[in-house]
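Everything numeric here is computed off the predicted structure, so don't read it as measured data. Note on naming: letters A, B, ... go to the chains in the order of the sequence lines (proteins, then strands), and numbering restarts at 1 for each one.
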There are 2 protein chains.
Amino acid sequence: MVTSRDVARVAGVSQSTVSYVMSGRRSISAKTRQRVEAAIEQLTYQPNAGARALASQRTQVIGLVVPFGPGADTTGLLPFIETIAGCVRDEDHDVLLVTANEGSAGLSRLAGRSLCDAIVMMDIEADDPRIPVAAALQIPVILIGVPDDSAGLCCVDLDFPLAGRMAVAELAALGHDQVVLIGHPAEVVERDINFVRRFQRGAAAAAAAHGLPHHVVAPVAPGRAGAEAAVEEALRHGGERPGIVVPNSQAVQPVLQALLDRGRTPGRDLSLIGLCTDTVAEASTPAVTNVSLEPRDVSRRAMQTLFRLLDRRREPPAELVDLVVPRLTRRQTTLPAT
Amino acid sequence: MVTSRDVARVAGVSQSTVSYVMSGRRSISAKTRQRVEAAIEQLTYQPNAGARALASQRTQVIGLVVPFGPGADTTGLLPFIETIAGCVRDEDHDVLLVTANEGSAGLSRLAGRSLCDAIVMMDIEADDPRIPVAAALQIPVILIGVPDDSAGLCCVDLDFPLAGRMAVAELAALGHDQVVLIGHPAEVVERDINFVRRFQRGAAAAAAAHGLPHHVVAPVAPGRAGAEAAVEEALRHGGERPGIVVPNSQAVQPVLQALLDRGRTPGRDLSLIGLCTDTVAEASTPAVTNVSLEPRDVSRRAMQTLFRLLDRRREPPAELVDLVVPRLTRRQTTLPAT
DNA sequence: TCCCGTTGTCGATACGCATCGACAACGGGA
DNA sequence: TCCCGTTGTCGATGCGTATCGACAACGGGA
């Protein structure tokens, strides 16, 4: 193993000078710097992560707690992970992956053993038992999702209430006389993931504001069968020109198919708006009008906040909750604008 | 921060004794052990990862290189990651996530900085430029996928040639007079991911063995449009009773839909076999007869080999290439057995 | 009784780096 | 000419743990 001492010997300087060249924390003459850099290159020196962490109290690692256990919505998880990993690498850090089924113990482990400098938690429940544990840790924790009580932790998420309002407002503008919301599997509802309620509340508020009756179909069993049943119920309650909202990525395609199978073509005699990524919306035929989940924006904003928290020079963000504005894209499953 | 020295003081022993209690590398009297364990509990002591890594030359971390860059097949990636993370935790290690777009540099970084004890690489190309780099590292590397030349590295993967043979043999047994293979997007073919060719070779061999003419449709554009075109071509070449094989998870559902749209119902006048996970196969209606990708089995086997390589006491596996036997499940898209 | 092997514990050291205080060299102003 | 501030480098130390050698206590066999 090549150490900074080896580099120092080759460059004819002391080990501490090598360290200062790498960190830039003290001024170094151009000549010395060049010699050191040449030696680093020649020996292909790379600092030992453990030693660096021990000496500097910084691991350059971000812990990422992802929902993997059964019952977690893993659809659309990848864009989050991918974006987070990218942002973290841009800051010359790395990602340590921890699955949510470790629960609070996982958080304690990450912080207690100094495995990472900060933690990102996804899939936050409304009353998540991990929140108090996370808030008590000695390292920054950032939530992707908004619990009822964030205990002072920073949260980033899509503005789900706004997403609900946008979807319903669009349906109202298209002249629908009834809004039907096709919800989530019992499992998800039970876990009380925050966005379910937040979206529904926004949708309900908008429906009331527009004087539209609205009906919620829930729980919806996962898979084809559940979608079929949900669509049956939706069509029963939906009146002549129902506007259907599906705030559930996994259900969008099956619901669309179930409607087509019944001879109801979204975009002609009814409208369908999905809450899903653009990728999912564009994958089906006809392409689904959607309110985007914007996983990349959400992740990026979360990482910005995270690295601000890690930088002692900069002050923490004034606002704890950072909501990303969703985007509605009109495609083929909504009526043409009148 | 609580250190092992604090634990030692509370327990009235020396720091080294605490260390030996935790590692079990020297015999400790029951009385002393209990005192130390009580102190650990009382102080909620957790060893510092950096210090431990520095002293022991073991990080207890496994590097996982996942395909995230554009053009990577991220469908079905999650079960791999999930299973790997689980196995790694079972061995009291952690997972450091690295994206493939860092290329060889990512590997050098992981090993050079001693960020992890071993590396798992996914999404291996037939002539992957990372292989020689990986083989030269000082730490074990295991491949999920089989390159043309593994340079002495252990590989674990599904037995794709066998999968191809199984699919074609099934079609032959069902009395089809022609086999059509609907392939991958140009992007994937260009990247020369090993399993594409390996599956096709197996399928071709089986077709020849059964005296069946076979035709390959490739490249297939991703999404609905590509599936439509591919199905058109397949039906043109497929004769009266074509047996269609789709060794591409993402294309299974669109191809099925395109067939249905054309009034051709798989399971009645033709057969469709997908190469995909059971989850994908069961999600569509009708459920697709499939050859399973077995991501969990593959991951598990890879982790077993990995930890064997990490354990100096155990000898490395005799066989470098470990192929998992696929499983064919008959569902609704193949003709009933005659 | 004496000797030696075993068991259990301790002190000391090394791991590789970051950082602090010290200080030599140098230059500009009085 | 002398003094002092600045710049650049070095030596020493500490981070928290694992591990090695030493050794005391103990017991069994000759």
Steps toward side-chain contact (heavy atoms from CB on, under 4.5 Å) verdict (A:M121, A:I144): CA-CA 6 Å; A:M121 277 175 64; A:I144 294 188; over 6 Å; no

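- Pair assignment for D:dG11: C:dC20, on the basis of Watson-Crick or G-U wobble contacts that are both within less than 3.5 Å.
- Side-chain atoms of A:M1 lie closest to C:dG16 of the nucleotides C:dC20, C:dG16, D:dG21.
- When rounded to the nearest whole Å, the span between CZ of A:R33 and C1' of D:dG8 equals 11 Å.
- The separation between A:R52 atom CZ and D:dG16 atom C1' is 18 Å, rounded to whole Å.
- The base of D:dC20 sits with one of its N or O atoms less than 3.5 Å from a complementary donor or acceptor on the side chain of B:Y20.
- Rounded to a whole Å, the CG atom of B:L54 is 8 Å from the C1' atom of C:dA14.
- The A:P47 side chain lies nearest to C:dC17 when the options are C:dC17, C:dG16, D:dG11.
- Ion pair B:E82/B:R296 flagged as a salt bridge, since at least one NZ, NE, NH1 or NH2 atom sits closer than 4.0 Å to an Asp/Glu carboxylate oxygen.
- Atoms CG and CD, from A:D94 and A:Q60 in turn, are 9.0 Å apart once rounded to the nearest 0.5 Å.
- Mapped onto DNA chain C by nearest heavy atom, B:S29 and A:S16 fall at different nucleotides, with B:S29 at the one closer to the 5' end.
- The base of D:dG21 sits with one of its N or O atoms less than 3.5 Å from a complementary donor or acceptor on the side chain of B:R26.
- Between the P atom of C:dA18 and the CD1 atom of A:I28 lies a distance of 13 Å, rounded to the nearest Å.
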Test side chain to side chain donor-acceptor pair (under 3.5 Å) applied to A:S19 and A:S16, step by step: CA-CA 5 Å; A:S19 180; A:S16 60; over 6 Å; no

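- With D:dG16, D:dG8, D:dA18 as the choices, the nucleotide that has an atom nearest any side-chain atom of B:S56 turns out to be D:dA18.
- Rounded to whole Å, the distance from CG on B:N48 to C1' on D:dG14 is 13 Å.
- Evaluated for a side chain to side chain contact (heavy atoms under 4.5 Å, CB included) with A:I81, the options A:T83, A:L77, A:I84 yield exactly one hit, A:L77.
- Among C:dC17, C:dA12, C:dG8, the nucleotide with an atom closest to any side-chain atom of B:S27 is C:dG8.
- Between B:Y45 and B:D6, the closest side-chain pair of non-hydrogen atoms is not below 4.5 Å.
- Closest to the B:T17 side chain, of the nucleotides C:dT19, C:dC20, C:dC10, is C:dC10.
- For the segment residues 4-14 of chain B, residues with any heavy atom less than 4.0 angstrom from an atom of DNA chain C are, sorted by number, B:G12, B:V13, B:S14.
- Base pairing of D:dT1 is made with C:dA30, judged by Watson-Crick or G-U wobble geometry with both donor-acceptor distances under 3.5 Å.
- For B:Q57 against C:dA14, a side-chain-to-base donor-acceptor contact under 3.5 Å is absent.
- Taking atom CZ on B:R25 and atom C1' on D:dT17, their separation rounds to 13 Å, with Å as the unit.
- Nucleic acid contact class of A:T3 (heavy atoms, under 4.0 Å, all strands): sugar-phosphate only.
- Rounding to whole angstrom units, CD of residue B:Q15 and C1' of D:dC20 are separated by 13 Å.
- In this structure, B:D117 places its CG atom 14 Å from P of D:dA18, rounding to the nearest Å.
- Comparing atom distances between the A:A55 side chain and each of C:dT19, D:dC15, D:dG16 picks out D:dC15 as nearest.
- With both pairing distances under 3.5 Å, C:dA14 is matched to D:dT17 as a Watson-Crick or G-U wobble pair.
- Closest heavy-atom contact between B:S108 and B:V133: OG-CG1, 3.9 Å.
- Using a 4.0 Å cut-off between a side-chain N of Lys or Arg and a carboxylate O of Asp or Glu, A:D311 and A:R308 do not qualify as a salt bridge.
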